[in-house]
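Heads up: the structure comes next, in structure tokens.
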Amino acid sequence: MNSFSETRPKPGSPEVVTFGESMALLIAEGGKGLEYASALSPSFGGAESNVAIGLARLGQTSGWCGRLGDDPFGRRILKVIRGEGVDVSRVRLTDEAPTGMMVRENVAGNSSVYYYRKLSAASFMRLEHLDESYIAGAKVLHLTGITPALSASCVETAHAAVDIAKRHGVKVSFDPNLRLKLWSIEDARKVLLPLAMKADYFLPGLDELKLLYETDSVDTIIGKLQELSAISIIKGGDDCTFVLEQGHLTSVPYYKVEHVIDTVGAGDGFCAGFLAGVVRGYSMVEAVRLGNLVGAQVIQAVGDWEGLPSAAEIDRLLSGKGHVER
């Protein structure tokens, strides 16, 4: 069997296309709250661009579409994502609105995020910003529930992107990524559940499902998921991720991690690993196992995407070889 890193994608359109908002990120240093921190570390983050970077590092072709302010933050974000090997040919810098921003603190292991994204450049995404041929050339369209939370035009654009994908036989991956700081659970249900109905791969967390379906009963949740046409990948079990495929529920154990540093971005890392497995033709269980492994690496580093592993690192982890320092 070839090593993970030796299996290369064919050239051409990106295998996975995604779109959404990337924001400037400022992180309080020294484990202090923002009110008392004397320094902030600059970076950026966005669920969809995090996934695109994760895929590129794993050796897959990925494209991220979006709108950024034509400002220092937007230009920095664009350069870094391009530098990570993600196709950004459908990203536009605009003077219509600024790049959104989020500020994060991590105190005593508890992370809090504060958003400054109202009326950001990404919130003005519209139907005409989609490139149908670009989506049609992909194997998978990946989107999250964060994008439609930004504005009414983003809801319309998200549905249009999914409809384009379905029209051209492109698989749709949907992570609800519920953000209650952006909208109420009532508003979220009205948008996220219809998008889940259109998906081929639905990637919710168990806690999200309890809120979306208004129940703590796992049996009831499984029953609701079985009404979908999608294969459901349920994150957030006590010690495993669940795969619900054709009525069969399978558990895939997590990889054990000794030192958890920062859990932010773990879900995006999981999605990147899972989708890498999907486009490589892995079974759902194998793809989820890869997603679990990638997610386990992300939580051992600070930042939304910085800890995403390369294909070579995945090979090393799977082979059990240790790190050689010198």
Side-chain angles (χ1 to χ4, degrees), residues 18 20-21 45-48 50-51 54 102 104 110-113 115 117 140-150 154-155 158-159 162 172-245 249-252 254 260 262-275 278 284 287-288 291-292 294-296 298-299 304:
T18 187
E21 179 171 38
E48 300 84 4
N50 293 346
V51 172
M102 55 181 168
R104 182 148 56 90
N110 296 313
S111 182
S112 297
V113 179
Y115 295 115
R117 68 199 306 176
V140 179
L141 170 71
H142 176 72
L143 71 158
T144 80
I146 295 175
T147 302
L150 301 179
C154 284
V155 173
H159 276 286
V162 171
V172 174
S173 166
F174 178 53
D175 181 349
N177 233 324
L178 184 60
R179 294 288 185 270
L180 293 180
K181 286 190 175 182
L182 298 180
W183 53 2
S184 69
I185 186 59
E186 292 78 17
D187 288 339
R189 285 192 195 105
K190 295 174 186 176
V191 175
L192 301 185
L193 293 178
L195 285 170
M197 293 290 292
K198 295 181 177 182
D200 295 284
Y201 308 109
F202 184 38
L203 306 166
L206 184 56
D207 288 343
E208 291 174 322
L209 290 172
K210 291 178 180 179
L211 291 169
L212 289 172
Y213 289 130
E214 301 182 79
T215 180
D216 289 329
S217 168
V218 175
D219 289 340
T220 300
I221 288 170
I222 295 301
K224 292 286 187 180
L225 293 175
Q226 288 178 330
E227 296 174 5
L228 305 178
S229 59
I231 296 171
S232 294
I233 310 299
I234 307 163
K235 300 169 287 183
D238 289 338
D239 55 8
C240 66
T241 302
F242 296 101
V243 179
L244 182 61
E245 183 178 12
L249 189 67
T250 305
S251 61
V252 183
Y254 295 144
V260 176
D262 185 357
T263 59
V264 175
D268 300 332
F270 172 87
C271 288
F274 171 75
L275 291 175
V278 167
M284 287 297 98
V288 167
N292 283 349
V294 173
V298 173
I299 63 177
D304 284 35

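No hydrogens, no waters, no symmetry mates; every other heavy atom, side chains included, goes into these values. This chain uses plain numbering: 1 for the first residue, then up along the sequence.
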>> How close do Arg104 and Ser111 get, counting heavy atoms only, and between which atoms?
In response: CD-OG, 3.2 Å
>> Is there a side-chain contact between Leu195 and Pro148 in this structure, where contact means two heavy atoms from C-beta onward sitting under 4.5 Å apart?
In response: yes
> Going by heavy atoms in the side chains, are Asp268 and Glu48 under 4.5 Å from each other?
Replying inline: no
> Please walk me through it: do His142 and Ser173 pass side chain to side chain donor-acceptor pair (under 3.5 Å)?
Replying inline: CA-CA 5 Å; His142 176 72; Ser173 166; 2.9 Å; yes
>> Ile146 vs Glu21, test: side chain to side chain contact (heavy atoms under 4.5 Å, CB included). Steps then yes/no.
In response: CA-CA 8 Å; Ile146 295 175; Glu21 179 171 38; 5.7 Å; no
> Between Glu208 and Ile185, is a side chain to side chain contact (heavy atoms under 4.5 Å, CB included) present by the stated rule, with each step listed?
Replying inline: CA-CA 10 Å; Glu208 291 174 322; Ile185 186 59; over 6 Å; no
> For atom NZ of Lys224, is the number of surrounding heavy atoms from other residues, nucleotides or ligands below 6.0 Å larger than 12?
Replying inline: no
> Does any non-hydrogen side-chain atom of Val191 lie less than 4.5 Å from one of Asp187?
Replying inline: no
> Which heavy atom of Val298 sits nearest a heavy atom of Ala266, and at what distance?
Replying inline: CG1-N, 3.9 Å
>> When you compare the side chain of Val172 with that of Val140, does any pair of heavy atoms fall below 4.5 Å?
In response: no
>> For a quick test of reading the model, state the closest non-hydrogen atom pair linking Ile222 to Leu244 and the distance between them.
In response: O-CD2, 4.1 Å
> Are the side chains of Lys235 and Pro204 in touch, meaning some heavy atoms are under 4.5 Å apart?
Replying inline: no
>> If I compare all heavy atoms of Gly145 with all of Leu192, which pair ends up nearest, and what's the gap?
In response: CA-CD2, 3.5 Å
> Within a strict 4.5 Å, meaning less than it, do heavy atoms of the Phe242 and Val252 side chains meet?
Replying inline: no
>> Whether the side chain of Arg189 engages the backbone of Leu212 through a donor-acceptor N/O pair (distance < 3.5 Å, no angle test) should be reported.
In response: yes
>> Is there a side-chain contact between Leu182 and Leu180 in this structure, where contact means two heavy atoms from C-beta onward sitting under 4.5 Å apart?
In response: no
> Sub-3.5 Å donor-acceptor pair from the side chain of Tyr254 to the main-chain atoms of Asp239, do we have one?
Replying inline: no
> Which atom pair, heavy atoms only, marks the closest approach of Val294 to Gly269?
Replying inline: CG1-O, 3.1 Å
> Yes or no on side chain to side chain contact (heavy atoms under 4.5 Å, CB included) for Val162 and Phe174, after CA distance, side-chain angles and deciding distance?
Replying inline: CA-CA 10 Å; Val162 171; Phe174 178 53; over 6 Å; no
> Checking side chain to side chain contact (heavy atoms under 4.5 Å, CB included) for the pair Phe202/Ile231: CA distance, chi angles, key distance, verdict?
Replying inline: CA-CA 6 Å; Phe202 184 38; Ile231 296 171; over 6 Å; no
>> So Ile234 and Thr241, do their side chains get closer than 4.5 Å, heavy atoms only?
In response: no
> According to the interplanar angle, ranging from 0 to 90°, do the rings of Tyr201 and Phe274 count as parallel (below 30°), tilted (30 to 60°) or perpendicular (above 60°)?
Replying inline: perpendicular
